[in-house]
Every structure is written in C-alpha cells, then in structure tokens.
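Inspection log for the structure reproduced underneath, given as structure tokens.
These numbers come from the heavy atoms of this one structure, side chains and all, not from hydrogens, waters or symmetry mates. Bear in mind that the values here come from a model prediction, so they are computed numbers and not experimental data. All chains are named by letter (A, B, ...) in the order of the sequence lines, taking the proteins before the strands, and each is independently numbered beginning at 1.
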Number of protein chains: 4
Amino acid sequence: MTRISKPPKERRKEILDAALELFLKNGYENTSVADIVARLGVAQGLFYYYFKSKEEVYRAALEQYTDDFALRLTALILEDRPFIGKIEMVVKTFEVMFAESEHALMDTLHLAEHIELDNRLSLHVAQLLIEPVTGVLREMNDKGFTRLENTETTATFLIFGIYGLLHGDLEHIHRIAFDTAEVVRLTARVLGVSEEDLKRI
Amino acid sequence: MTRISKPPKERRKEILDAALELFLKNGYENTSVADIVARLGVAQGLFYYYFKSKEEVYRAALEQYTDDFALRLTALILEDRPFIGKIEMVVKTFEVMFAESEHALMDTLHLAEHIELDNRLSLHVAQLLIEPVTGVLREMNDKGFTRLENTETTATFLIFGIYGLLHGDLEHIHRIAFDTAEVVRLTARVLGVSEEDLKRI
Amino acid sequence: MTRISKPPKERRKEILDAALELFLKNGYENTSVADIVARLGVAQGLFYYYFKSKEEVYRAALEQYTDDFALRLTALILEDRPFIGKIEMVVKTFEVMFAESEHALMDTLHLAEHIELDNRLSLHVAQLLIEPVTGVLREMNDKGFTRLENTETTATFLIFGIYGLLHGDLEHIHRIAFDTAEVVRLTARVLGVSEEDLKRI
Amino acid sequence: MTRISKPPKERRKEILDAALELFLKNGYENTSVADIVARLGVAQGLFYYYFKSKEEVYRAALEQYTDDFALRLTALILEDRPFIGKIEMVVKTFEVMFAESEHALMDTLHLAEHIELDNRLSLHVAQLLIEPVTGVLREMNDKGFTRLENTETTATFLIFGIYGLLHGDLEHIHRIAFDTAEVVRLTARVLGVSEEDLKRI
DNA sequence: TATGAATGAGCGTTCATTCAT
DNA sequence: TATGAATGAACGCTCATTCAT
C-alpha cells in the first residue's frame, strides 16, 4: 500500500474523529480498532502509534465531544441575552445534538449500544450545565427578579425537566413536537415569576 | 455432572434471573454465557435451548426488570393517597432502585458499563412513569385542584426534574443529601398551586 | 471441520505432548499456540479449554519433562548395582536425553532458543541429581569405602564434572567421543580411591 | 529531534552496548528495538543502518560479552602465578560475573529469561576456558608436577566441577557459601597430587 | 547519516455458538 | 432435556522492519 505520511497532529485528529463517529454509531464494544483504521485506510499498527489502547481513544473522543458541547452551551448561557433567549438557545442546541447523533446512526444494528452511549453523553452534558445555569439563577436573584432559595437545586430541576421534554419518549426516535411556549410556561412556574415578567428579564 | 431435569418455565426463569444479576453487576459485554450457566451449574448447551442468543436474554432480562419496576411505581402512584405522598413514594422507590443496583456492584471493575446500564434503566423507568403521572394530573385537573393546560408535558417535566435531583451529580456515586421539602416546593410551582394547597390535595 | 470429541485426559495429554515437542524444538517464543493446535488439527479455542494460557502449558510441559527425567535417573542411581555401573547408567541416560532433544531439532532455524532450553533442562536435571548422588556417597562413607568430608560438595563436583564432559564442546553439536574409562579414572580420584577399588564397590 | 552525527564505529558501539545491557536485563524477547533506540535517544531507522536485524545485534552483543569475559579469564590463567592462585582467580572472576549479571537484574519481571541467558553465558564461558586450562595442565605435566593422561578431559572435568559448585543450587539465587578449601581438595584429587604439593606448584 | 511515521503479519486470548452423545 | 467438548471468527495489541524525507 502506498505510504502517506502526515503531520502527527493531523493524523491523530483523523483517528480521533473516525473513532468518535464509530463509537457514536455503534458503541464501544461494537467498534473495533480494525474498523477505525479501515475507515482511514491505514495500517492497524498506526493506531497504536497515536493511542496506547482502544480505551484511551474512547476516553479522548468522549471527552472532546462532551466538553466541546458543554463549552458551546455554557457560552450561550453566559452571553448577554434575555433569559428566555438563553433557554431557547439551549433547547435548540440540545436538539441539534440529538439530531447529529441520530444522523450518525445509519443502521439499527447496534441500536442498544447507541442509545446507551447517547444517554450517557446527554446526561453528562446535562450535568455539566448545572453549574452555569446555577450562576445565571444566582444573578437573577441578585438583580431581584427572582427569590429562589436554593439555586442549584432549582437549576438541576429545570435542566432535567427540559431534558425530559426533549428526551422523554422511549428511545427518542419519534420525538413529540416540541413546544417552546410550554417550556416558557413551566420555567416561569419553577422560577416563581409570571410568564410576562419572565419575558422581560 | 448429574443431570437435573426441571420444568421448562422454571429453568427459563432461573437463567433469566442469573443473567439479569450478572448484567446488572458487570454489564452486557463483561458477562459471558459461560458465566451465566456457571452460576446455575448447568451445561453451556442448555442455555441455547431456552434462548436463541445472548442478546435475547439481555433484552428479556432488561424488559422484565424495568417493567417490574414501572409496575411497582405505577401501582404506588395509583393508590389512593395524597398527592404529596405519591411523590414521596416515587422518590423513595427510585432511591431503593439506585441502592439495589449499587449493591449489586461489588467491585469497581466494570464501573463504566454499570453506570451506562444504570442510566439506561433509570431513564427507561422515568419514561414509563410519564403515562400514569399524566393520569394523576388529569384527575387533579378534573377535580379542580389544578388548571394545567398540557398534562403530559407537565408530567414529563415534573418526573425528569425530580429524576435530575436524584441523579444529578456526576456518576451519582456520592449523591447529594436529598431534600424532600425542596421537591415539594418545586412541584407546587410546576403545578401552579401553593405549597399549602398542595399538601391538602 | 469434522468434530472429534475425546476424553479430556487424553486431549490434554495430546496438547501437552505436542507443546513439549515444539518447545523443545523451537523454544518458547518461537512456538505459537497456533503451531500447537495445527499439529493436532484442532481449533485454537480448544487449547484454552484445557490450559489457561500458553505460559501454563509451558510450565506443565517442562515440569513433566524434567521430573520424568530426574525420576528415571534417581531410580537408576538407587538400584542395587556397583557404583561404576551407576555412573555408567547415568552417563548413558544423559546421552539418550541429549540425543532425543537433538532429534527433535530438525532444522536450525531456532538454534539459539533450542540451545537455551536444552541447557536449562539439562542443568536442571543435573541439579536434581545432586540429592540422590549425595545419598549414595554418604552410604559409601558409611560402608567404609570412602572417607569424604563433604558428600554434597563432592556429589555436585562429580556430577558437573561429568556433565561437562558430556556437554563440554561449544553448542554440543559435535560431541567428542566419550570415554568411559576416563570417567572412571576421574571419579576414582574425586572419591579418593584407587580405580581397582572403585570397580569393586 | 536534533540530529547528531557520530563516527560510525562509535555509534555502532553505543547501540551494541545499549542492546547488551537490555538483553542481559530482560532477555531477548522482552527487549524491543524500540527499547534500544529509546535508550540512546535516536530514531528507529538508525538501528537498521548499523545492524541488519535484531538477531544480528543479539549475536554480536553476546559474542562480545562472552569473548571479553573469556579473554579476561584466559589472561588470568596464563599469568605467572601459583596454580592454586590461578584457580582462585577463576573462581573469583566467575563470582563477579554472576554478581554483575544479577545486579543488572533490577526487577524480577523477566527472571525466567534472565536465568536462561545467564546459564547460556556462563556455560559458554566455561567452554571457552577449556583450552587455556588444558594448556596449563599440559605445562604441569611437562614440568613433572602431574602425570595426567588426558589433559583436555581433565581440564573439562575440573572446570565443570568447579562451575557446578558455583552454580549448583537451583536458580542460583541464593548460592551456598562457597568453600575454597573444598575446591583445593577436590582439585588436588582430580590432578592426582596431595594438597600440600598442590599448594607448592 | 539520520529521522520517525507507517507497515502488516503475527500473536495470545475470548467467547457466542454448535453438535454428537 | 441436558451435557460439555469442540469450533472458529474476531479481537486488542506488539513489533521488527521499511522508506520517503
């Protein structure tokens, strides 16, 4: 086979990306190192030049994925924007995440593993959101918009409540049409403000 | 080995139970068919007399587990009891579920797989709860206690919000001390009633 | 492939024997599990039904080999026979051992590893001989034939001296014609008796 | 990496020494070419500029090692010194050799391979000693001190007898306290002279 | 001379599944 | 119904060696 050398960083990224895509599609156990290198058309040994083990790529790939994601979400939350707008951005981004993930799932061969991974990732992301959202709620308390006693608990409840709406149906393959108005109403309640006030914050 | 014949249904149940226990403890990939039959002291071939494949037992085992669980929870919800009491029962049962599952995890060898499985199961159970809780909320609307516009959405939001509080910290190994009063407060808000009224329903 | 079942003991022995032969010929590292099962015409998985690892067969094979050998030699030494006869028997048996081992060495591909293994085995056997020979010398002291001060040291010296004569040339591929008379003469000296007396013991 | 050019002979020697050290410590199979070049901080390809294969360095390294050793021993034997002194020097040098080799063995990871290599080296050295010792014995015959019929056989027997005393216990990790007086006594017997006379030669 | 990314065959091992008894 | 020896494909991983630069 013709030998194509590439800068290490680039090769490493290639492998990482191929691995992530396959892990997302098929899960850890149904993805072999052979699959990963086959996708790149390189020798199996090359994989081990860049990663010490399959486990290592797995960790690296998931970390990159969830961290990127959480970073995007956190940035959106912290941007100067009305509270409602923040909620909407998060919801949209979550929807994009699910869509991306489903797009990767081209066949249903390894559905079970894929769902597991997906759950894990989205749960993880949800957990990572607790901190920044708590910060926003604290700020809202400070500004006198809300009078929440336990901001972290409220943040957690809110995030998972919304997560449930997005993720709620079994296997989330046919998601119910998502109603933003509903989210606003429930959020207003959880925060203890009227919908009208919420829209002004 | 001495050959012990048993009625098919009983044998099938034995295998299913052994499999479930091992899957719960070690995850799918770290449980071999050999492990399952070893636990029962029967021959490897016997397994295939009752199940077409390992995948089949897996599905059967998980289905049995989550369905049993959801059944218990649904029964608790439908029992005649104040609404607050229902919420408390669900919270407690969830806690028991996590504890059981953690108890099964005697070593930390397969922690990653265990967490995945655990997420999957508890998410599944949460999804199964949507229907009965929706029923309860509808009833509460009918009785004039609440005026919810979309009972299913509210049920979903409520269940996942509580789920998040129980499950919210990363890897949920050291769960934050759970505060029931907080749940009551948030639930009251979501339902749009005062805490005092909620306690009377 | 047609499936031939055998009693476990028999199969185990087959595998052990094939493994020993290959280890003797090629050394540990140049013998693959695939080689072993290929020789028997069975599936690779079967190997692991009988042995937990390649290392395990290796240990079992060498133990069997050296122990058998040392047992044969010890028996010869302890048989009631003139001392000279004992020496001769040991010498002959050693020669047979070397011959067997060389016979196994059909090609010279892995000469280095073969020699290593061979050295190791024969050294081991020599070491195992120290004890019984010490016993014989002690008996000779008791009967007044000899007056050795340190029987174990003398036994060790004698055994390795003879071992050297048998093994002395480089790579022991072309062994010098072995002269029993010479052995008798040197033995007599080491024991501090005349050759004539030695022949009478 | 910065590119450092060196005179070929020097580089070759560097590689050879690094290889020898690793082979001595870990054995052939547990030393990779990558290990060798890593120790020198040079590229993998460079290795193949100086040696055609790993096997070739191995042979070269061992040859250098045993030849050096035998040379030192031969020199000691040929120096003008009482016969007893020669024996003692050889014994001591052997002891140093074992000690060096054991010192290299910092961990017990590759004990088995290390023992094999050690056996091989020391046996080899013992074989290389046959020639010079034969020369000494011949000289002693000439001077009328001894009347040995077959000097080479006697030399072999003597060397291996002493070798056995040094090496005799299993795995030679805890060597028995070595008794020089015993060596003198046995040597005297093999040579057919009294201990007193031996000390005067 | 020297680099180091890339190759690819081979290894030990696991395990779901089969089948003769 | 039940046994358990046997199968064989697949897996993660290693490493001596090559070659474009």
Side-chain angles (χ1 to χ4, degrees), chain A residues 1-8 10-12 29-37 40 42-55, chain B residues 1-8 11 29-37 41-57, chain C residues 1-8 10-12 29-37 40 42-55 57, chain D residues 1-8 11 29-37 42-57:
Chain A
M1 190 163 269
T2 39
R3 191 182 280 237
I4 301 176
S5 246
K6 299 203 182 177
E10 190 179 324
R11 252 295 136 78
R12 200 189 131 91
E29 299 290 348
N30 296 305
T31 300
S32 69
V33 174
D35 292 339
I36 297 170
V37 297
L40 301 174
V42 297
Q44 193 132 345
L46 191 60
F47 175 92
Y48 291 90
Y49 192 82
Y50 291 97
F51 296 95
K52 279 228 289 282
S53 66
K54 181 184 163 189
E55 180 105 24
Chain B
M1 184 159 276
T2 37
R3 186 196 190 90
I4 298 176
S5 261
K6 296 204 182 179
R11 253 294 139 80
E29 297 292 345
N30 297 303
T31 300
S32 67
V33 173
D35 292 339
I36 297 170
V37 298
V42 299
Q44 197 122 340
L46 190 60
F47 176 93
Y48 289 89
Y49 188 83
Y50 291 99
F51 296 95
K52 277 226 298 277
S53 70
K54 184 184 162 188
E55 179 105 22
E56 192 182 299
V57 205
Chain C
M1 189 163 271
T2 38
R3 190 182 279 239
I4 300 175
S5 247
K6 297 204 182 177
E10 189 178 325
R11 251 299 137 76
R12 200 190 131 90
E29 300 288 351
N30 297 304
T31 300
S32 69
V33 173
D35 292 339
I36 298 170
V37 298
L40 301 174
V42 297
Q44 193 132 342
L46 192 60
F47 175 91
Y48 290 90
Y49 194 82
Y50 290 98
F51 297 95
K52 277 227 289 282
S53 68
K54 183 184 162 189
E55 180 104 24
V57 205
Chain D
M1 186 158 275
T2 37
R3 188 194 189 92
I4 298 176
S5 262
K6 296 204 183 181
R11 253 294 139 76
E29 298 291 345
N30 298 303
T31 300
S32 68
V33 174
D35 293 338
I36 296 169
V37 297
V42 298
Q44 197 122 341
L46 190 60
F47 176 92
Y48 289 89
Y49 187 83
Y50 291 98
F51 297 95
K52 278 226 298 277
S53 69
K54 182 184 163 189
E55 180 104 23
E56 192 182 299
V57 209

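Rounded to an integer number of Å, the gap from B:Y49 OH to F:dT1 C1' is 5 Å. E:dG8 atom P lies 12 Å from atom CD1 of A:I4, rounded to whole Å. Distance, C:L40 CG to F:dT7 C1': 15 Å, rounded to whole Å. The CD atom of B:E56 sits 15 Å away from the P atom of E:dA16 (whole-angstrom rounding). One can place CG of B:N30 at 13 Å from P of E:dT14, the figure rounded to the nearest angstrom.
The side chain of B:S5 places no N or O atom within less than 4.0 Å of a non-bridging phosphate oxygen (OP1 or OP2) of F:dT1. Side-chain N/O atoms of B:R11 include none lying less than 4.0 angstrom from OP1 or OP2 on F:dT1.
Remark: F:dT21 base-pairs with E:dA2. Criterion, Watson-Crick or G-U wobble with two distances under 3.5 Å. Remark: F:dA10 base-pairs with E:dT13. Criterion, Watson-Crick or G-U wobble with two distances under 3.5 Å.
When every heavy atom of B:I36 is checked against every heavy atom of B:T31, the shortest pair comes out as CG1-CG2, 4.0 Å.
To the nearest 0.5 Å, atom OH of residue B:Y48 and atom NZ of residue B:K54 are 8.5 Å apart. Atom CD of B:E56 is separated from atom OH of B:Y50 by 13.5 Å, given to the nearest 0.5 angstrom. Note: D:R11 CZ to D:K6 NZ = 5.0 Å, rounded to the nearest 0.5 Å.
At the heavy-atom level, C:Y50 lies under 4.0 Å from the strands shown only through sugar-phosphate atoms.
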Would D:V57 and D:F47 count as a side-chain contact (heavy atoms from CB on, under 4.5 Å) if you check the C-alpha gap in whole Å, the side-chain angles of each, and the deciding distance to 0.1 Å? CA-CA 10 Å; D:V57 209; D:F47 176 92; 2.9 Å; yes
For nucleotides 16-21 of chain F, give me one character per nucleotide, 5' to 3': B if any protein heavy atom sits under 4.0 Å from the base, S if the only such contacts are to the sugar-phosphate, - if neither. SBBB--
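Checking F:dT7, E:dA2, E:dT3 against the side-chain heavy atoms of C:V42 singles out F:dT7 as nearest.
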